[in-house]
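Counting from 1, the numbers follow the sequence of the chain as shown. Both backbone and side-chain heavy atoms feed into the values below; hydrogens, waters and symmetry mates do not.
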Amino acid sequence: MRRPVLLVIAHGSRDPRHAATVHALVERVRSLRPGLRVETGFLDFNVPSVHGLLESLAAEGVRDVVALPLLLTRAFHAKADIPAVLRDAPARLRIRQAAVLGPSPLLLSALERRLYEAGLSPADKSSTGVVLASAGSSDPEAIAVIAGIAREWWRTGWCAVRPAFASASLPRTEDAVRELRELGCARVAVAPYVLAPGFLPDRIARGAEGADVLADVLGAAPEVARLLLARYDRARQPAPAALGA
């Protein structure tokens with residue numbers, strides 16, 4: 001039985017670093033599962049568009065697709081934009097929408113990988129305060145998820161973990177850095193909870209100027225690639241039968 005095509009849906013950006021990072025992540029996914037067809041479509045700014053790619057797949061005779069939002073929280077894009085574009089897909093396609101990537105222990109592992117690559121070590125955890133800096137959202141569910149991730153991550157041994165947002169919500173990165181300084185953490189690190197460079201990640205970086213360490217975006221971290229495949233595999237599983245069916 002032919003496996004469904006994995007369609008990774010990225011937001012897109014005018015910043016060329018965004019698409020380059022997305023493509024690097026997709027290449028890592030392909031390397032982890034040879035033989036799986038993985039395509040990338042963008043909601044805006046970059047090509048191919050999701051709509052155009054779906055049209056092309058249908059014209060090729062593809063029948064089954066797993067659409068995977070390259071998103072860390074379930075906010076507007078996951079709830080509205082992506083379902084809308086999938087509803088407009090050619091009728092011959094059977095499309096299953098996978099869950100967004102977060103939250104996941106694999107993402108916490110990827111965040112720590114980036115902090116260690118930036119100069120920290122596991123021995124620094126108890127004396128280091130971390131700003132979990134996300135893009136931000138006006139969706140209360142997404143904000144609550146980020147706060148929950150910060151609490152969970154703190155329990156792994158960091159001096160403190162504070163959420164921060166580059167847009168739509170407060171506090172900003174620089175405010176969280178200042179709070180951790182006042183709390184008495186020996187050092188402060190900023191961990192961008194974003195997948196690719198762009199306008200809002202640059203804002204996070206500017207807000208991190210008072211920190212001791214600024215980690216890179218999650219990008220093509222191996223944990224992120226493994227998580228994409230886990231979400232794909234989960235989406236392929238049959239839905240559980242209703243009780244009494």
Side-chain angles (χ1 to χ4, degrees), residues 8-28 40-53 68-82 84-85 100-103 107 110-111 113-115 117-118 130-147 149-150 162-179 188-221 224-225 227-228:
V8 177
I9 301 179
H11 182 273
S13 172
R14 293 186 179 90
D15 189 323
R17 297 173 297 167
H18 175 91
T21 302
V22 170
H23 289 310
L25 173 58
V26 169
E27 282 302 316
R28 173 155 271 176
T40 309
F42 296 89
L43 292 173
D44 207 351
F45 302 116
N46 302 103
V47 293
S49 69
V50 177
H51 178 75
L53 189 52
L68 196 159
L70 199 59
L71 301 169
L72 296 174
T73 58
R74 189 173 176 273
F76 182 79
H77 294 304
K79 293 177 179 179
D81 285 351
I82 292 175
V85 74
V100 298
L101 298 181
L107 291 175
L111 287 165
R113 170 188 293 276
R114 293 303 189 222
L115 285 172
E117 290 171 350
V130 179
V131 178
L132 179 68
S134 72
S137 173
S138 58
D139 188 303
E141 178 186 347
I143 298 303
V145 166
I146 298 299
I149 293 169
R162 294 291 187 270
F165 308 93
S167 68
S169 309
L170 295 174
R172 295 287 184 255
T173 302
E174 54 268 33
D175 299 325
V177 169
R178 186 163 48 251
E179 179 186 350
V188 176
V190 174
Y193 190 62
V194 293
L195 286 164
F199 177 76
L200 292 178
D202 284 349
R203 181 179 288 178
I204 290 171
R206 291 193 297 272
E209 289 177 357
D212 301 294
V213 173
L214 171 62
D216 200 358
V217 299
L218 294 170
V224 179
L227 180 55
L228 263 69

Do [X] and [Y] come close enough that some side-chain heavy atom pair is under 4.5 Å?
X: Leu107; Y: Ile149; value: no
X: Val50; Y: Leu43; value: yes
X: Leu132; Y: Leu111; value: yes
X: Arg74; Y: Val145; value: no

Gap between atom [atom2] of [Y] and atom [atom1] of [X] - 0.5 Å precision:
X: Leu214; Y: Leu115; atom1: CG; atom2: CG; value: 9.0 Å
X: Ile9; Y: Leu71; atom1: CD1; atom2: CG; value: 8.5 Å
X: Phe76; Y: Asp81; atom1: CZ; atom2: CG; value: 4.5 Å
X: Ile146; Y: Thr73; atom1: CD1; atom2: OG1; value: 5.5 Å
X: Phe165; Y: Asp175; atom1: CZ; atom2: CG; value: 12.0 Å
X: Leu218; Y: Leu101; atom1: CG; atom2: CG; value: 9.5 Å

Which pairs of donor and acceptor atoms, one on a side chain in residues 197-211, lie under 3.5 Å apart (sequence neighbours left out)?
| from | atom 1 | to | atom 2 | distance (Å) |
| --- | --- | --- | --- | --- |
| Asp202 | OD1 | Arg17 | NH2 | 3.1 |
| Asp202 | OD2 | Arg17 | NH2 | 2.9 |
| Arg203 | NH1 | Ala166 | O | 2.7 |

Main-chain N/O of [Y] paired to [X] side chain as donor or acceptor, under 3.5 Å:
X: Arg114; Y: Val217; result: yes
X: Arg28; Y: Ala220; result: yes
X: Asp212; Y: Ala189; result: no

Check your understanding: Should the pair His77 and His11 be assigned to parallel (<30°), tilted (30 to 60°) or perpendicular (>60°) ring geometry?
Key -> perpendicular

Do you know the tightest heavy-atom contact between [X] and [Y]?
X: Phe42; Y: Ala19; value: CZ-CB, 4.1 Å
X: Val194; Y: Ala135; value: CG1-N, 3.9 Å
X: Val224; Y: Ala110; value: CG2-CB, 4.1 Å
X: Ala164; Y: Ala176; value: CB-CB, 4.0 Å
X: Ala168; Y: Ser138; value: CB-N, 3.8 Å
X: Thr173; Y: Ala133; value: OG1-CB, 3.8 Å

Practice item. Determine, step by step, whether Asn46 and His18 satisfy the side chain to side chain contact (heavy atoms under 4.5 Å, CB included) criterion, reporting the C-alpha distance in whole Å, the side-chain angles of both residues, the deciding distance to 0.1 Å, and the verdict. Key: CA-CA 9 Å; Asn46 302 103; His18 175 91; 4.2 Å; yes

